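Take a look at the structure set out below.
Quick caveat: nothing in here was measured; it's all calculated off a predicted structure.
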Amino acid sequence: MKEELSYYETIKAIDETKKYFERQLEVRLGITKAQGPLFLKSSTGLQDQLSGVEKPISFKKGEEEFEIIHSLAKWKRYALKHYGFHSGEGLYTDMSA
């Protein structure tokens, strides 16, 4: 009979499984992991408005307004061009929102 994993062992197993899948994506698809931003300046236009109904959470720092990211779709397309990815190359992110 198998023993049930402890809470700590479960967390470690989930983390190891996630790392395994990430490594396989990188090797088999030739993609790179990139850290996506948590927020962007509102003026960048990189916030994906999705259905147009969602209102991003925003805050000001000094005179500049920032928005919490709720989709990285536009940012990923920007990053591919900005960081010089070529045809057949790509990136993936861990979304923190």
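Here the straight-line distance linking atom NZ of Lys74 with atom CG of Leu40 works out to 11.0 Å at 0.5 Å rounding. Atom CD of Glu67 is separated from atom CD1 of Ile69 by 7.5 Å, given to the nearest 0.5 angstrom. With rounding to the nearest 0.5 Å, the separation of CZ in Phe21 from CZ in Arg28 is 10.0 Å. Here the CG atom belonging to Leu72 is positioned 4.5 Å from the OG1 atom belonging to Thr93, to the nearest 0.5 angstrom. Note that CD of Glu9 and CD of Glu16 are 13.0 Å apart. Values are rounded to the nearest 0.5 Å. Between atom OG1 of residue Thr32 and atom CG of residue Leu80 there is a gap of 9.5 Å, rounded to the nearest 0.5 Å.
Looking only at side-chain heavy atoms (C-beta outward), Glu89 and Ile31 stay at 4.5 Å or farther from each other. Taking the side chain as every heavy atom from C-beta outward, Glu22 and Asp94 approach each other to under 4.5 Å. Looking at Leu91 and Phe85, their side chains come closer than 4.5 Å, going by heavy atoms from C-beta outward.
The neighbour count for Glu4 CD, taken as heavy atoms of other residues, nucleotides or ligands under 6.0 Å away, does not exceed 12.
Using cut-offs of 30° and 60° for the angle between ring planes, the Phe66 and Phe59 rings count as parallel.
Tyr92 pairs in a side chain to side chain donor-acceptor pair (under 3.5 Å) with only one of the listed residues (Glu26, Lys33, Lys76), which is Glu26.
A donor-acceptor pair under 3.5 Å is formed between the side chain of Gln47 and the backbone N or O of Ile68.
In the hydrophobic clustering of ILVMFWY residues, with side-chain heavy atoms under 4.5 Å counting as a link, Leu38 and Ile57 come out together.
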